[in-house]
Number of protein chains: 2
Amino acid sequence: MGNYGYVSPELRERVLAAAEKLGYRANALARSVSTGVSHTLGVVVADIGNPFFAGVVRGISDTSRASGFDTIVLSSHEDLAEEKASMGVLLDKRVDGIILASAAVSPKEAKHIQEAMDVGIPVVLVDRALEHVAADAVVIDNRDASRRAVETLIAVGHRRIGFVWGPSSTRPVATRRELLAAAAKSLWTDSERLRGYLDALDDAGIAFDPNLIMVGVKTEATAADAAAQMLRLPDPPTALLCTENDAMTGALRAVRAAGLKYPGDISLIGFDDSSWAAVMDPPLTMIEQPMLRLGALTAERLLARIKGEDPEPEVHTLESRFIERGSVAPPRH
Amino acid sequence: MGNYGYVSPELRERVLAAAEKLGYRANALARSVSTGVSHTLGVVVADIGNPFFAGVVRGISDTSRASGFDTIVLSSHEDLAEEKASMGVLLDKRVDGIILASAAVSPKEAKHIQEAMDVGIPVVLVDRALEHVAADAVVIDNRDASRRAVETLIAVGHRRIGFVWGPSSTRPVATRRELLAAAAKSLWTDSERLRGYLDALDDAGIAFDPNLIMVGVKTEATAADAAAQMLRLPDPPTALLCTENDAMTGALRAVRAAGLKYPGDISLIGFDDSSWAAVMDPPLTMIEQPMLRLGALTAERLLARIKGEDPEPEVHTLESRFIERGSVAPPRH
DNA sequence: CTGTTAGCGCATTCAG
DNA sequence: CTGAATGCGCTAACAG
């Protein structure tokens, strides 16, 4: 049944026929115990409910299956404890390698990753790189994408640009130094996107205003609150950059509640394109991430290491796509 | 390490300490080979990229984990062959039970399900019931929900109501008989929703018009085409019922391309609520499915069978919620 | 309580 | 080519 050893064609037929008739299935677990390999990839994403990760997972499983590997995916719901537990489950189930979109925001939170690698099981990071972790990472050009978006806004005249979900600091951020410190303790993607935002402002000589940067817990509701608060400012933003799907829907709620129209009253740009963004009226200008390719490349890197290759860990950066639609216009006056 | 047998507290401490220091992890595979149980649930959904299924999976894994079960989820991408292969993987990995949202549209396509049950591994269906398969099923009141939606439309005066994604028949459907035959060969959810639509029309004495029912392959693009075609009719629909997320975005594309405004020119109701639906302008009237509870209840039923309970298979029906927002209005004149 | 032994279902090695 | 024996890492049953 395992397709090894020598058998006469005739015996093989008889065995196969008997197996078929009896409904026999080889026990993959016993096989793994015996061989030491499971031909299975473990994946733990931050939130499988996020269409972005669903796309990445699709990319992963398509290419891993093409190589004869199963994939078992777990979701940590952006919770570090759950992430560790999930990795434990994968290690116990003896997967041959692990793909991880980690909720860790600092090197000390990434111990479990290093430990897994120390045990000899290869890990590759996806979507979120991690400093000081010697693992491959497959990501997009977050900083660039963010900068390009803000530059687009500045190019048509905006100078007050809100940033709808940034560092998840608990305390308010007032100075640039505090902001950078908070960013350093945030998810890599959030941090990068914030830096890109700052890059563009700096290049244009626009002063950074802490009131225009959302800080704290990130949910659609808090995004709506933060956006609403910005819009009530004496000098409110004329444009909003939303760094995630829920940030955008939250911002849209606030914009509508304030009785504002986009792009006339306020311009909008968001990360993570979707069908909905395209059918909004007007349609939303968005930054599209290559989810499938992200997943595919990640799986390729991991598979290579499983096959024994052992190059220097590297950060692979894929390009996002800026989709101009109808949610950007010059500010009033 | 397995927490069985008798050990002195002191020895236990020494063993645990040694295990800790050595980084020892019990091999879950070997354990399963030995005990015959894996404490893991297998799930194969039709499309993990669909937020609806992502929610169901979340419900499943939350409640199964609470019972000490891991869950490994696979996506069939609505493909029957992949579904069978996925179930094979799960059986090989010796999961203790399987949850399935099947792509099967007829009893003969459901053999693999019966086979799994014959081998002694419990299966419970979710989202889609299957006639002639003696398995538990956890679903929503699709037919009722659909009927209520159409009744709402009729109540405000609509008589020409388009049904944006119905039976996936390859040939056009002209008569009511053909329609029912096509429905019988469609996904259970699609079929139920179509019946509910027909129920409401019948009750109101409105004649069924095959031109107002989309038939064929179901993608956002084909939905847009179908809707566009309906809108070009000499006697076009004044309302559209969209039975899925992509059907709604497709319909919206067509509505916009035709230069129509909702709800003034055309009313809209859809299945599967989302943040986007709520922030559309006007916001969309939608039918919300209790995804989490659907998943949770499904897991409960399966867990019960794994624990040895063996009641008569039953179809458990949960209630959907009709969320009235701003996409329904009386037809013009 | 402790130490030993057999056995789970497979892959692999080694005589015939 | 075939059959039997050994071991993978674990649980379970059994003497001491």
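What you are looking at is a predicted structure, and each value in this text was computed from that prediction instead of being measured. So that the names make sense, note that chain A is the first sequence line, chain B the second, and so on, each numbered from 1.
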Report which part of the nucleic acid B:R25 touches: base, sugar-phosphate, or nothing (heavy-atom distance under 4.0 Å, all strands).
-> sugar-phosphate
Proximity to the side chain of A:L11 - top-ranked nucleotide from D:dC10, D:dT2, C:dC8 = D:dT2
Nearest-nucleotide wise, let me know which of B:A30 and B:V7 is further upstream toward the 5' end of DNA chain C.
-> B:V7
OH of A:Y4 versus P of C:dC14: gap in Å, rounded?
-> 16 Å
Would you mind reading off the distance between A:L22 atom CG and C:dG9 atom P, rounded to a whole angstrom?
-> 14 Å
Please answer whether the main-chain N or O of A:V37 pairs with a side-chain N or O of A:T35 as donor and acceptor at a distance below 3.5 Å.
-> yes
Test salt bridge (charged side-chain N to carboxylate O under 4.0 Å, His left out) applied to B:R128 and B:E192, B:E78, B:E109, the passing residue | B:E78
Going by atom types only, do B:T317 and B:D141 share a side-chain donor-acceptor pair under 3.5 Å?
-> no
B:E312 and B:D136 have their tightest heavy-atom pair at O-OD1, 4.2 Å
To the nearest Å, give me how far apart CG (A:L29) and C1' (C:dG9) are.
-> 10 Å
Does B:S8 put a side-chain nitrogen or oxygen below 4.0 Å from OP1 or OP2 of C:dT2?
-> yes
Inter-end axis angle, the helix from C:dC1-D:dG16 to C:dG16-D:dC1, with every axis fitted to five base pairs (rounded, 10 degrees) | 50°
Respond yes when some side-chain nitrogen or oxygen of A:Y6 is under 4.0 Å from OP1 or OP2 of C:dT13, and no when none is.
-> no
Under a 4.5 Å cut-off applied to non-hydrogen side-chain atoms, are B:L91 and B:I98 in contact?
-> yes
Is any side-chain heavy atom of B:K218 less than 4.5 Å from a side-chain heavy atom of B:E244?
-> no
Closest non-hydrogen atoms of A:L292 and A:G55, given as atom of the first, atom of the second and distance, are CD1-O, 3.2 Å
Indicate, with a heavy-atom threshold strictly under 4.0 Å, whether B:A28 touches base, sugar-phosphate, or nothing.
-> nothing
Between P of D:dT2 and CZ of A:R12, the distance in whole Å = 11 Å
From CZ of B:R31 across to C1' of C:dG7 the rounded distance in Å is 17 Å
Nearest to side-chain heavy atoms of A:P9, which nucleotide of C:dA11, D:dC10, D:dC1 | D:dC1
Shortest side-chain distance from A:N27, nucleotide among C:dA11, D:dT11, C:dC10 = C:dC10
